[in-house]
2 protein chains.
Amino acid sequence: MDTKTKIVQTALALFNEQGVDVITVRHIAKEMGISHGNLCYHFPNTDTIIRQLYDQLVEQLTSQIGGVITGPLSLNRLAELVGEVMQMLYDYRFLMLDFAGIMRRIPDLRDKHRALVSSRKLAFQHILTQLRALGKLREELYDGHDDDLLEQFFIVGDFWLSSATILYEGAEENKIKHYQQVFLSLIVPCLTNKGLTEWKDIDRKKTL
Amino acid sequence: MDTKTKIVQTALALFNEQGVDVITVRHIAKEMGISHGNLCYHFPNTDTIIRQLYDQLVEQLTSQIGGVITGPLSLNRLAELVGEVMQMLYDYRFLMLDFAGIMRRIPDLRDKHRALVSSRKLAFQHILTQLRALGKLREELYDGHDDDLLEQFFIVGDFWLSSATILYEGAEENKIKHYQQVFLSLIVPCLTNKGLTEWKDIDRKKTL
DNA sequence: ATCTAACTAGTACATTTGTTCTAAAACTAA
DNA sequence: TTAGTTTTAGAACAAATGTACTAGTTAGAT
């Protein structure tokens, strides 16, 4: 395999295991069994690697989300999407666990992320209107509630992993499913009776 | 003022301004105009200072929350409580912005925080039952929805500041109020018509 | 007045980290 | 082959940091 991609992969693993703040180029080089001089030839510092990893994640996310908002939408499909996105975030969990710190240290990423959020915001808005058109979502409870809901999506979506490392005590393999449920329960109280029945139906099927 | 408390205060200011990860005992000492040897006499390292600051915050929080759950509860009082707690978290924002990292580095704090969360969980559960008894809160939409709601509280409550540093673009003095609104909007879709009218009434009064 | 403990300044040292440089090795194209 | 480019290893250096130590100073108790 290409040294460059191998560096990125090794870095990802180490970041996820030990945290992005304690891993240096020397650690990564040692883990790979190459000299750190060599590593610095490809990536002068860890921030460059982080940038690369972030780009990878964003690429995966946008293609995934983009695929969904074009197709037909059901609550079931929405639930699947959330699960898939969360799995991706989990694969790059080092980013999510130091989000604020990384974004402060690397301003490029902050700007890039804002762009990503804008696109995600549009996607979610699209989903809300579509659900409402299908009679599954209640009307806004007050002016601007949709915006508040979107913000909730972003906070829970970006920081469920941080919260999990502190509070979650269940089995690791159920973690994503658990927080998928927490995320989706943001929207459940906003469903109409029609939407709610559909939702409970999904739930029933899954537990079978 | 006591040197010890002055160290803690200076550290808090520097942590909040520049981030907990870039501030060392030498920085704090320099800012205070004392030798870092002296500072290390009082606090051998920054982690000890962080521990102290965390304890301060927890003390403030518990006394605040404890005061509320004993008294009579209205949605208005709940909104006030959320605002007050958020103000406290803002005063110690360095903690919230590196939450996962700090908790990983200082395991004592993680345990302490879990205890805090347990008590907060009870407090919130208490609030939910009380609101429901007063006919302001809808029944659970599905079995376990209250638990999901509590988790949402904790994620939004602990990480609104992190999200804000990345996404919030409004005026600094409106920040807390904005996220107070986002937090409270978690519960609004779960209100009964009675609760909703009361809620809108608060809103109307505030905007007057 | 004196003794003791608390406090403070400053020094010193080992590690770590980011960064740069040199030179050797491997590879590629003509 | 050969010339040039890319890749690699390793050394070297400055700056920062955690930690420990020494030696003064202060303040309060007896």
Side-chain angles (χ1 to χ4, degrees), chain A residues 1-55 94-95 97-98 100-110, chain B residues 1-56 94-95 97-98 101-110:
Chain A
M1 190 195 313
D2 195 350
T3 308
K4 212 154 185 164
T5 63
K6 194 172 178 187
I7 290 173
V8 174
Q9 283 196 347
T10 312
L12 176 59
L14 288 179
F15 286 158
N16 280 340
E17 283 166 21
Q18 303 178 41
V20 71
D21 46 334
V22 299
I23 297 298
T24 68
V25 284
R26 282 176 164 85
H27 291 136
I28 302 169
K30 193 172 187 181
E31 174 75 20
M32 289 177 64
I34 68 171
S35 70
H36 77 277
N38 184 10
L39 201 150
C40 286
Y41 168 77
H42 294 285
F43 298 97
N45 47 48
T46 52
D47 282 1
T48 323
I49 305 178
I50 293 171
R51 242 185 288 262
Q52 171 98 8
L53 282 166
Y54 179 85
D55 287 343
F94 82 95
L95 271 175
L97 292 178
D98 269 305
I102 291 173
M103 293 299 166
R104 180 175 37 201
R105 205 176 61 231
I106 314 177
D108 324 11
L109 281 198
R110 190 163 167 268
Chain B
M1 191 196 312
D2 195 349
T3 308
K4 210 154 187 165
T5 63
K6 194 172 178 186
I7 290 174
V8 174
Q9 284 196 346
T10 311
L12 176 59
L14 289 179
F15 286 159
N16 280 340
E17 283 166 22
Q18 304 179 40
V20 69
D21 45 335
V22 299
I23 296 298
T24 67
V25 284
R26 281 178 164 84
H27 290 135
I28 302 168
K30 193 172 185 181
E31 174 76 19
M32 289 178 64
I34 66 171
S35 69
H36 78 277
N38 183 9
L39 201 150
C40 287
Y41 168 75
H42 294 283
F43 298 97
N45 47 49
T46 51
D47 282 3
T48 323
I49 305 178
I50 293 171
R51 241 185 288 262
Q52 172 97 9
L53 283 166
Y54 178 85
D55 286 344
Q56 280 185 26
F94 81 95
L95 271 175
L97 292 178
D98 268 305
I102 291 174
M103 293 297 166
R104 181 174 35 203
R105 207 176 60 228
I106 315 178
D108 325 10
L109 281 198
R110 190 162 167 269

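Note that this is a predicted model, so its numbers are computed, not measured. A note on names: the letters A, B, ... follow the listed sequences, proteins ahead of strands, and every chain is numbered from 1.
As a whole-Å value, the separation of A/I7 CD1 from D/dA9 C1' is 14 Å. If you measure from atom NZ of A/K4 to atom C1' of D/dT8, you get 14 Å, rounded to the nearest angstrom. When the C1' atom of D/dT8 is taken as reference, atom CE of A/M32 falls 12 Å away, rounded to whole Å. Between the P atom of D/dG18 and the CZ atom of B/F43 lies a distance of 16 Å, rounded to the nearest Å. Between the NZ atom of A/K30 and the C1' atom of D/dG10 there is a distance of 15 Å, given to the nearest Å.
The pair B/D21-B/R105 fails the salt-bridge criterion, with no side-chain N (NZ, NE, NH1 or NH2) lying under 4.0 Å from an Asp/Glu carboxylate O.
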Expected rows: protein N/O vs nucleotides 25-27 of chain D N/O, under 3.5 Å:
none

Enumerate all atom pairs, one protein N or O and one N or O from nucleotides 3-7 of chain C, separated by less than 3.5 Å.
{"from": "C/dC7", "atom 1": "OP2", "to": "B/Y41", "atom 2": "OH", "distance (Å)": "3.2"}

Show the distances under 3.5 angstrom between N or O atoms of the protein and N or O atoms of nucleotides 16-23 of chain C.
{"from": "C/dG18", "atom 1": "N7", "to": "A/R26", "atom 2": "NH1", "distance (Å)": "2.7"}
{"from": "C/dG18", "atom 1": "O6", "to": "A/R26", "atom 2": "NH2", "distance (Å)": "3.0"}
{"from": "C/dT19", "atom 1": "O4", "to": "A/H36", "atom 2": "NE2", "distance (Å)": "3.0"}

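The minimum heavy-atom distance linking B/R104 with A/D98 is given by the pair NH2-OD2, 3.6 Å. Between B/L97 and A/A100, the shortest heavy-atom distance links the atoms O-CB, 3.6 Å. Considering every non-hydrogen atom in both A/G19 and A/I23, the closest pair reads O-CG1, 3.5 Å.
With values rounded to the nearest 0.5 angstrom, B/R26 atom CZ is found 11.0 Å from B/L39 atom CG. Taking OG1 from A/T24 and NZ from A/K30, the interatomic distance works out to 10.0 Å, rounded to the nearest 0.5 Å. The distance from atom CD of A/E17 to atom CG of A/L12, rounded to the nearest 0.5 Å, is 9.5 Å. In this structure, the separation between OG1 on B/T46 and CZ on B/R51 is 10.0 Å, given to the nearest 0.5 Å. Taken from CG in A/L53 to CG in A/L95, the straight-line distance is 7.0 Å, to the nearest 0.5 Å.
In the helix from C/dA1-D/dT30 to C/dA30-D/dT1, the terminal helix axes, each the rotation mapping four pairs' C1' atoms onto the next four within five end pairs, subtend 10°, rounded to 10°.
Sorted by first and then second residue, the ring-ring contact (aromatic ring centres under 6.0 Å, His included) pairs with a member in residues 2-36 of chain A read A/F15-A/F94; sequence neighbours excluded.
Judged by distance alone, with hydrogens and angles left aside, the side-chain atoms of B/N45 form a donor-acceptor pair with the main-chain N or O of B/T48 at under 3.5 Å.
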For residues 1-11 of chain A, tabulate all N or O donor-acceptor pairs below 3.5 Å that involve a side-chain atom, not counting sequence neighbours.
{"from": "A/D2", "atom 1": "OD1", "to": "A/K4", "atom 2": "N", "distance (Å)": "3.3"}
{"from": "A/T5", "atom 1": "OG1", "to": "A/D2", "atom 2": "O", "distance (Å)": "3.0"}
{"from": "A/T10", "atom 1": "OG1", "to": "A/K6", "atom 2": "O", "distance (Å)": "2.7"}

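Using a 4.0 Å heavy-atom distance criterion, B/I34 is classed as a sugar-phosphate-only contact.
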